[in-house]
Amino acid sequence: MVKMKNCCYQQDHSAVANQFNHRFFRAIVSPIIATLLCLSSTWEANPQQSPTNTKPIPREISPSPTPPLTGVSSSGSQISLNGRTLPGNWLQQSVKAGRVTTYLSDGPFRQLIGVDFLNTSNPARQPVAWFSSANKPVVLATRLLGGYRYLNITNFAQAAGWQLQINGNTLVIATPKAQVINILESQQPVASSVTPLQPARLVIDLDRPTPWQITQGELIKRPQTLTPDPDTVTPKSSTQPNREWIITLDGTADPSLIQRYAPPPLAPLPTSSPEPPKQLPAAPEPEALIQKVEVVNNQTVISLSVPFGLSPQINTVANPNRLIIDIRPDAMVQRDITWASGLRWRQQFINLDTERFPVVWLEINPRKVGLALKPIWTNPDTLTGTAPIIQTAQRYLAAAAINGGYFNRNNKLPLGALRRDNQWLSGPILNRGAIAWNDSGQFYFGRLTLEETLIAPNNLRLPIIFLNSGYVQSGIARYTPTWGFSYTPLTDNEIIIVVQKNQVTHQLSAGKAGETAVPIPQDGYLLTLRGNAVSDALQLPVGTTVTISSSTTPANFNLYPYIVGAGPLLVQNGQIVLDAKAEKFSNAFIAEKAIRSGICTTATGKLLIAAVHNRAGGPGPTLAEHAQLMKLLGCVDALNLDGGSSTSLYLGGQLLDRSPSTAARVHNGIGIFLRK
C-alpha cells in the first residue's frame, strides 16, 4: 500500500430524514467524564437543533440492491451456479404470454462464467465472446438500474443449455456437465515488441463450453536450499518469487490428467556416507508452470506458478471448445466499451520511453445529464472504518468508483481532506494536493490548506491545525459530530474542551490514549489540546463564548462543495508540477515503484479515474512516471490518489483492474452515480 506509515448515500430527489440530527448521547462512563452525564439530557432534549458548524448531509438509504421498476417480476443479489452460492445481482422482467426475460449484471457474467466483453460504442448493446467465433460475436441488450448494468442472457442461456430457476433472492443456474479432455503445454509465440520472459501457453480441451474462473493467489515461497557446510552462507535469491494463479472450470478432468500433474513423491532421506566435497549450492530449477490439477466438488482446479512480471491472458474458442492461456508480460487486453451514456471503460498499454504500462481508466462526461460525482466513505455515522471499495460502492449504489485519499491503516482514521455538500468531513493536512468540484461539472486542482481560527473575548485568536483528522501533532484539533458519536483520545494527556452553542461548557483531562470515549455534542464540537497547546486551556474557562473563522488557501477551494485530498499534485494547467517534497512525502515514498491511482480532467472537460499497474515485466511506476503517464492520457490537471494495494477501480459490481482478493480495505473513495 502506498501511504504514510502512519459513506454518503446517493442523493436523490426524495427527501430523507437527517440522521445526524437524531444522534443521542453515547459514551463509556468513567470517573474522568462522569461530570458529562448531566449533558445527556441537554443533548437529547434538542434533537432537531442543527449542530454548530455542522451542516447535515442528506442521503438516501436503499433497502434493496435493485429499486422497484415497472415490469420487474423478481430480483436478487445471489447466484447459485451449479450448487455454489455466490454474490451477483440479477433481475427478471415479465413479457408477453407469461414468458420472462432474465438479466444478469456485468460482474458475475464476466468473473463467474468467464464471458469476455468486446469493444462497443453503443451502451445499449454489449457484444461478448464465450466459446464463440470472434467474427460473429453474440450481442446482448443492456439496461441500467441502481448502479448496475444488466445483460439480457435469456437467449444466451438457452443456447448454452442452461437451466434457470428463481429461489427467493437467488438465481439458480445449472449448466450441462462438462469434461476436461486434455491439457497441452507449449511455448508461446512471442511478438518482436514483447520482451521474452519465459512465455508459455496452455491449451485446455473441453467436450463442451462451461463456466470458468481465474483467481490471483499469493506469492509462492521457495524452500530454502541448505548447504552441506553449516559455516557456508546460503546466498539469497535475486529473483522475485512466482505468484500462484488458479483456474477453475465447471467440469471434471480425466483421471490421467490428474495423475500427470500429481506432485512427485518425496525423496528418501540420505543415509550416512563420507562427507562430500564442499561446493556452492546449485541454482534452483525453474518451477513448473502447472503445479497441480485436481477435481474438487465437480470442478477442475488447475494451480499455476507464474514468474514475476508475467500473468495469464485467457481466450476461449469453439470447434474444438478450448481455453487458451498465454502467460505473458503484457497480458492485459485492450478495451474501449461505452458502458453507459457519458461513461466509457478503457484500458490499454501506454508507452513511456522503453517501458509499457497497463492503464485501466474510466472516462466520464461530468456535464452529461444523469451523472453525478460524490465522495464516499465506509460508514456515514462515523469517520472511523475501512472496507473494500467494491463493498462501499455497492452500499451507496454507485455505478463506478475509485479509491480516494490516505488513511491510517491501524486506527482506520482519515489523513486528508474530505468535503461533501459544503461540509468538511475531514480537514486537509500538510498542504497536499486535492481535487474540488461542483454539480455543474467544474473542477479545481491545487495544494490545499484549511485555516481555522478559534476566536474568544479580549481578541484571543488560537489556530486550529486539524479538523476531524487522524493526523496528530502538537496544537489544537477540532472534532465535530461528523467524526462520530464520540472521540477517543489519540495521544496521552490531552485536554478536551467541550463547546455547545458557541460556549465552553466543560474541560476534561483525558489521560491515556485510546482509553476513554468522550461524547461529541450535537450542537457543538470538541477542542483537543495536545502538546504545547494544553496551556491554552487556561484562556478558555467554562462559560467562554467562542466562534470559529474558516477559509481555504487557495481561496478557490471555498467555491466548491466537494473536495477529496490525497497527493502529490501531478499536473496543473497542462504542466507537470510534481513536488512530493513540498507535500511532505518521504524519500522512500517518492522513489517507490508501485501500483498507482489517479484522477484528472482533460482539455475537453472529461474526467478520468485511472489505475496504473506493474509495467510489462517489472514493477509499477514511480511518481514521476505516473505524472508523465497521466499527461500522456490527455490530462491537463491531475492528482495522485492512494495507491499500492489500495488501488481499486470499480464498475457495476466488479473491479476492472485487479482480482478483488488482492485489493486492500480503504477508508474513502470517489463515486460516480447514474440518475434518470
Discussion item. When you compare the side chains of R260 and N182, does any donor N or O come within less than 3.5 Å of an acceptor on the partner?
Written reply: yes

Worksheet item: Testing T248, T252, D250 for side chain to side chain donor-acceptor pair (under 3.5 Å) with Q299, which one passes?
Response: D250

Worksheet item: Under the 3.5 angstrom rule, does the side chain of T378 hit a backbone N or O of G385 as a donor-acceptor pair?
Response: yes

Discussion item. Any non-hydrogen side-chain atom of I181 less than 4.5 Å from a side-chain atom of D254?
Written reply: no

Discussion item. For the backbone of S648 and the side chain of N403, can you confirm whether one donor and one acceptor N or O come within less than 3.5 Å of each other?
Written reply: yes

Worksheet item: Is Q313 reaching over with its side chain to a backbone N or O of A331, donor-acceptor style, under 3.5 angstrom?
Response: yes

Discussion item. Less than 6.0 angstrom from the centroid, inside 45 degrees of the normal: does R110 satisfy that with respect to the ring of F117?
Written reply: yes

Discussion item. For the backbone of G620 and the side chain of R615, can you confirm whether one donor and one acceptor N or O come within less than 3.5 Å of each other?
Written reply: yes

Practice prompt. Would you sort out whether I389 and I376 count as a side-chain contact (heavy atoms from CB on, under 4.5 Å), showing the intermediate values?
Written response: CA-CA 9 Å; I389 195 67; I376 58 177; 4.2 Å; yes

Fill in: Distance, nearest 0.5 Å, that separates CG of D657 from CG of L651
11.0 Å

Worksheet item: Got W162 and I113 here, is their nearest side-chain heavy-atom distance under 4.5 Å?
Response: yes

Worksheet item: Roughly how far, to the nearest 0.5 Å, is OG1 of T154 from CD of Q92?
Response: 8.0 Å

Discussion item. With rounding to the nearest 0.5 angstrom, report the OG1 to CD distance, T602 to E363.
Written reply: 7.0 Å

Worksheet item: Can you check whether N242 reaches V306 side chain to side chain, under 4.5 Å on heavy atoms?
Response: no

Discussion item. Quick check on Q158: does its CD atom have over 12 non-hydrogen neighbours (other residues, nucleotides or ligands) under 6.0 Å away?
Written reply: no

Worksheet item: For the side chain of S597 and the backbone of G404, is there at least one donor-acceptor N/O pair under 3.5 Å apart?
Response: no

Worksheet item: For the side chain of R335 and the backbone of V360, is there at least one donor-acceptor N/O pair under 3.5 Å apart?
Response: no

Worksheet item: Do you know the tightest heavy-atom contact between A340 and L144?
Response: CB-CD1, 3.5 Å

Fill in: Passing candidate, side chain to side chain donor-acceptor pair (under 3.5 Å) with D336, options Q347, R344, Q348
R344

Item to complete: Give a yes or no on whether the backbone of T175 and the side-chain of N82 come within a donor-acceptor separation of less than 3.5 Å.
Response: yes

Worksheet item: Short question: side chain of T316, backbone of F131 - any donor-acceptor pair under 3.5 Å?
Response: yes

Item to complete: Report yes or no: does R356 contribute a side-chain atom to a donor-acceptor pair with the main-chain N or O of F349 at less than 3.5 Å?
Response: no

Discussion item. To the closest 0.5 Å, what do you measure between CG (L86) and CG (L171)?
Written reply: 11.5 Å

Worksheet item: Do F407 and S646 have side chains that get closer than 4.5 Å, going by heavy atoms?
Response: yes

Worksheet item: side-chain contact (heavy atoms from CB on, under 4.5 Å) between L304 and I290: does it pass, once the steps are laid out?
Response: CA-CA 5 Å; L304 306 180; I290 301 178; 3.9 Å; yes

Worksheet item: So, do T647 and L641 sit near enough that their side-chain heavy atoms are less than 4.5 Å apart?
Response: no

Worksheet item: In terms of side-chain heavy atoms, does N122 have a donor or acceptor partner in T120 at a distance below 3.5 Å?
Response: no

Discussion item. Please give me the minimum heavy-atom distance between A399 and W339, naming the atom from each residue.
Written reply: CB-CZ3, 4.2 Å

Worksheet item: Mind checking whether L118 and D116 have side chains closer than 4.5 Å, heavy atoms only?
Response: yes

Practice prompt. State whether the number of non-hydrogen atoms from other residues, nucleotides or ligands found under 6.0 Å of N155 atom CG is greater than 12.
Written response: no

Worksheet item: How far apart are the closest heavy atoms of A611 and L649, and which atoms are they?
Response: CB-CB, 4.4 Å

Item to complete: Quick one: closest heavy-atom pair of P123 and R149, and the distance?
Response: O-NH1, 4.3 Å

Worksheet item: Which distance, rounded to the nearest 0.5 Å, do you find between the CG of D642 and the CD1 of I595?
Response: 12.0 Å

Practice prompt. Compare all side-chain heavy atoms of W437 with those of V564 and state whether any distance is below 4.5 angstrom.
Written response: yes

Worksheet, complete the sentence: Heavy-atom nearest pair, S311 first then W245, reads CB-CZ2, 3.9 Å

Fill in: CD-CZ distance between Q334 and R346, expressed to the nearest 0.5 angstrom
7.5 Å

Practice prompt. Show the numbers, then the answer: is there a side-chain contact (heavy atoms from CB on, under 4.5 Å) between I173 and L164?
Written response: CA-CA 5 Å; I173 302 176; L164 306 179; 3.7 Å; yes

Worksheet item: Quick one: does S132's side chain have a donor or acceptor within less than 3.5 Å of a partner on W130's backbone?
Response: yes

Worksheet item: Heavy-atom distance under 4.5 Å between the side chains of L373 and I670, does that happen here?
Response: yes

Fill in: Contact summary for A141 and R125, nearest pair of heavy atoms
CB-NH1, 4.1 Å

Worksheet item: Could you go step by step and tell me if L145 and Y150 meet the side-chain contact (heavy atoms from CB on, under 4.5 Å) rule?
Response: CA-CA 8 Å; L145 180 63; Y150 293 88; 3.9 Å; yes

Discussion item. Ring-plane angle category for F109 and F156, please: parallel below 30°, perpendicular beyond 60°, tilted otherwise.
Written reply: perpendicular

